[in-house]
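Only one structure is covered here, and it is reproduced in the block below.
Residue numbering restarts at 1 for every chain, and letters A, B, ... go by the order of the sequence lines.
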Amino acid sequence: MSADLKIATWNVNSVRTRIGNVLKCLAEEKPDVVCLQEIKCQTEQFPYLEFEDMGYNCAVLGQKSYNGVAILSKFAIEETLPGLPGDASDEQARYLECVIAANKGPVRVASIYLPNGNPKTTEKFDYKLRWMQRLREHAKSLLKFEEPLILAGDYNVIAKDGHCWDPAVWVDDALMADETRAEFAALHWLGLDNAWQIKDGRDHQYTFWDYQRGAWNKDHGIHIDHILMSPQASDRLLDVKIARETRAEERPSDHVPVIASFDL
DNA sequence: ATGCCACCTTCAAGGTGA
């Protein structure tokens, strides 16, 4: 089988600050589709020209200062849904969905920046759980299409103890709360597969290392960036990898890309 | 219990992240 659709997800922690790192990665990996999170700029401030010069179409849902998600695609972008349904009052730019015209037919792709939710005693945690419930409802409706669907992004969930270097450090954290894990598991029971779990599944393969406390040098990371898929995509999954080398660059993002290849 | 680092806005220092 040939890899006809290579898709990457990356929380870049400011696309303008990170533009050099991102362009370098795209030149090396040549993904067809890229889901970006935490672009931290308004839509009109997005560096469209740099990506268009590399052959990407851009769908962007920006926000001043915080959050912000985007999808880059070498294929035509046929329709877009900016924002997660279920709460018209939610103004945080954390969800962007589009349909891309891949080689063998349409593929629905979403770039997801799930709320952090800390501290757990505040309304931020309630917002996180409500957001996850909305994602579950929306995913349920999308799965009814029985088409290739890829939900990629920063889920801000430590799904199991082996996804962090020391569970004791995270025991009171919103990323590891029982309610958070239950909502993430519910996505799986809906019928969404996790690309990493299917093709690799090793523990202690992290996608985020804090800037503080020398976390990178000590490999004190967490695995919170994921590519979830419908069965119609899962059946065509070829391989997945974590591009951890990007964390060793000058002025890196605190997250690294997760990259999957599909026969789609 | 807090800051650590690095981002944001906009030039000083507080908000945010995980």
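Listed by chain and residue number, nothing satisfies the salt bridge (charged side-chain N to carboxylate O under 4.0 Å, His left out) test with Arg16(A) (two or more places apart in sequence, or in another chain). Taking the salt bridge (charged side-chain N to carboxylate O under 4.0 Å, His left out) definition, one finds that Arg130(A) meets it with nothing, sequence neighbours left out. The salt bridge (charged side-chain N to carboxylate O under 4.0 Å, His left out) test applied to Glu146(A) returns no partner, not counting sequence neighbours.
Between dA13(B) and dA1(B), the distance separating the two P atoms is 28 Å to the nearest Å. Atom name C1', nucleotides dC8(B) and dA12(B): the rounded distance is 13 Å, in whole Å. dT10(B) and dG14(B) have their C1' atoms separated by 12 Å, given to the nearest Å.
Taking Ile, Leu, Val, Met, Phe, Trp and Tyr as hydrophobic and joining them when side-chain heavy atoms fall under 4.5 Å apart, one finds Leu72(A) in a cluster with Trp10(A), Val12(A), Val15(A), Ile19(A), Val22(A), Leu23(A), Leu26(A), Val34(A), Leu36(A), Ile39(A), Phe46(A), Tyr48(A), Phe51(A), Met54(A), Tyr56(A), Val60(A).
In this structure, CD1 of Ile39(A) is placed 16 Å from P of dC7(B), rounded to the nearest angstrom. Arg251(A) places its CZ atom 9 Å from the C1' atom of dA6(B), with the value rounded to the nearest Å. Spacing between atom CD of Gln42(A) and atom C1' of dT10(B) amounts to 14 Å, rounded to whole angstrom units.
Residue pairs that meet the salt bridge (charged side-chain N to carboxylate O under 4.0 Å, His left out) test with at least one member in residues 193-208 of chain A, sequence neighbours left out, are Lys160(A)-Asp203(A), Asp200(A)-Arg202(A).
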Under a 4.0 Å heavy-atom criterion, the protein footprint on nucleotides 13-18 of chain B, written with B, S and -, is --B-SB
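Remark: Arg236(A) fails to qualify as a cation-pi partner of Phe262(A) under the 6.0 Å distance and 45° angle criteria applied to the six-membered ring.
OP1 or OP2 of dC7(B) lies within a sub-4.0 Å distance of a side-chain N or O belonging to Arg18(A). Between Thr17(A) and dA6(B), a side-chain N or O to OP1/OP2 separation shorter than 4.0 Å is absent.
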